[in-house]
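Take a look at the structure set out below.
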There are 2 protein chains.
Amino acid sequence: MSLPHALLTSLIEKPSSGSELSARFDRSIGHFWHASHQQIYRELAKLEQAGWVESFFAEEGERKKKTYQVLPAGREELKRWLSTEENLQPVRSPLMVRMRAAAVVGNNGLLYELERHLAQHEEKLEHYLALQKRDQARFQGTSTAKVQMMILESGIKLEYYWIKTIKEALEVLKEHPEEIK
Amino acid sequence: MSLPHALLTSLIEKPSSGSELSARFDRSIGHFWHASHQQIYRELAKLEQAGWVESFFAEEGERKKKTYQVLPAGREELKRWLSTEENLQPVRSPLMVRMRAAAVVGNNGLLYELERHLAQHEEKLEHYLALQKRDQARFQGTSTAKVQMMILESGIKLEYYWIKTIKEALEVLKEHPEEIK
DNA sequence: TGCACCATGTAAATAGTTACATGATTGC
DNA sequence: GCAATCATGTAACTATTTACATGGTGCA
């Protein structure tokens with residue numbers, strides 16, 4: 001499970017409250033490990049319990065926000081975790097499962113669903129490309145920045161993969177019967 | 001959730017017992033939706049309860065096997081499901097999370113873990129390529145076979161993606177400090 | 001003053017993993 | 001006749017999703 005360590009990473013980058021983390025997750029590390037705000041609040045409480053982070057209420061002026069920051073023990077835990085083994089994440093691709101089903105019973109409206117996913121991946125790609133452009137402009141030349149940009153590029157290539165795959169699937173499935181038997 | 005429909009698909013392809021399904025899953029549809037044997041047995045019981053499959057005990061000679069086959073209602077359910085909407089599967093990539101962590105605290109042994117994953121993806125690729133070769137030899141020319149081969153090819157390309165991504169990550173991370181701060 | 005939205009949660013349901021159990025069969 | 005393995009599960013735990021709750025703040 002990567003959530004606690006994804007949160008530690010994000011909090012090292014910048015101490016934050018639950019809601020800030022939740023928002024920030026959606027546009028950074030959450031591209032590789034999604035989490036809902038409910039999960040984040042629960043997990044933050046656990047991290048604090050474990051002594052890996054501490055929290056304080058941010059001063060007046062803004063709404064009251066419970067801000068978390070990583071303690072040395074949390075940083076050590078993150079380092080420890082980096083060298084642990086974890087096998088490949090089992091693949092979970094509902095679209096592929098649907099295509100396999102379509103192979104034996106016919107399309108039955110799957111083309112529309114594929115188009116919808118294609119649009120979602122295209123949107124995601126646009127979003128990533130915009131991030132990349134922004135980051136290149138700000139680029140500091142540090143090793144950390146280089147690694148971060150490499151990760152973003154991997155995300156971009158994954159979207160290209162999906163877009164190409166879905167387009168090819170559409171071509172093949174358009175020739176496939178709407179209904180079998 | 002795709003598991004019940006993945007099972008229906010697999011059972012339409014060939015009526016099977018739980019253990020056969022479990023074994024077959026590992027070398028076909030399970031490439032896109034993994035399930036343990038425990039999950040499969042539980043889900044088969046639910047499918048039967050729903051009236052989508054029926055079971056009978058296979059005749060003497062072999063070990064006694066509870067064989068399941070899909071009923072017309074199950075086939076209809078599969079068709080119905082194909083036209084339902086389901087949004088993108090949230091991404092879950094522990095390796096990317098680890099790389100992001102490495103960006104801020106240093107490699108700390110991550111290189112070894114990357115090499116290990118690289119080897120696993122290479123093995124998977126070999127396996128898929130062997131399947132592809134076998135299927136091409138048997139190719140029947142049916143529309144169903146075409147769709148199935150297209151799906152396998154998508155799986156192959158995804159492995160190429162990971163192999164390339166991990167190799168690039170290794171290059172960048174080798175230049176990155178082992179430990180930060 | 002009341003309505004929308006923000007920040008922080010709790011609760012219940014579902015899905016998936018890990019550990020264990022039981023009887024039957026096959027091979028030595 | 002005993003060990004290893006197969007086939008079918010059960011149970012407990014963990015992770016994730018979905019639905020709901022509560023108090024505060026800003027603003028029309």
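Here is how names work: the chains are called A, B, and so on, in the same order as the sequence lines, proteins then strands, and each is numbered from 1.
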> Looking at residues at least two apart in the chain, or sitting in another chain, which of them share a side-chain hydrogen bond (donor to acceptor under 3.5 Å, both in side chains) with B/Ser16?
Replying inline: B/Arg24
> Any side-chain hydrogen bond (donor to acceptor under 3.5 Å, both in side chains) pairs touching residues 123-141 of chain A, not counting sequence neighbours?
Replying inline: none
> Which pairs pass salt bridge (charged side-chain N to carboxylate O under 4.0 Å, His left out) with one or both residues in residues 87-110 of chain B, sequence neighbours excluded?
Replying inline: A/Glu13-B/Arg100, A/Glu86-B/Arg98
> Considering only heavy atoms, which members of residues 46-55 of chain A lie under 4.0 Å from some atom of DNA chain D?
Replying inline: none
Would you tabulate the side-chain donor-acceptor contacts of residues 151-162 of chain A under 3.5 Å, counting partners in other chains and residues two or more places apart, or write 'none'?
unit_1   : atom_1 : unit_2   : atom_2 : d
A/Glu153 : OE2    : A/Lys157 : NZ     : 3.4
A/Ser154 : OG     : A/Met150 : O      : 3.1
A/Lys157 : NZ     : B/Glu168 : OE1    : 3.3
A/Glu159 : OE1    : A/His121 : ND1    : 2.6
A/Tyr161 : OH     : B/Ser154 : O      : 2.5

> For residues 169-179 of chain B, which residue pairs qualify under side-chain hydrogen bond (donor to acceptor under 3.5 Å, both in side chains), counting only residues two or more places apart or in two chains?
Replying inline: A/Lys79-B/Glu179, A/Ser143-B/His176
> Around B/Phe56, counting heavy atoms of other residues, nucleotides and ligands shown, do more than 12 lie under 6.0 Å from its CZ?
Replying inline: yes
> Can you name the residues that form a ring pair (Phe, Tyr, Trp, His ring centres under 6.0 Å) with A/His5, not counting sequence neighbours?
Replying inline: A/Trp81
> Under a 4.0 Å heavy-atom cut-off, which of residues 32-42 of chain B touch DNA chain D?
Replying inline: B/His37, B/Gln38, B/Tyr41
> Can you name the side-chain hydrogen bond (donor to acceptor under 3.5 Å, both in side chains) partners of A/Ser28, sequence neighbours left out?
Replying inline: none
>> With side-chain hydrogen bond (donor to acceptor under 3.5 Å, both in side chains) as the rule and sequence neighbours excluded, what pairs involving residues 43-58 of chain B come up?
In response: B/Glu48-B/Ser55, B/Glu54-B/Gln69
>> Show me the pairs that pass salt bridge (charged side-chain N to carboxylate O under 4.0 Å, His left out) and involve residues 102-118 of chain A, at least two apart or across chains.
In response: A/Glu113-A/Arg116, A/Arg116-B/Glu85
>> Within residues 84-95 of chain A, which residues have any heavy atom lying less than 4.0 Å from an atom of DNA chain C?
In response: A/Pro90, A/Arg92
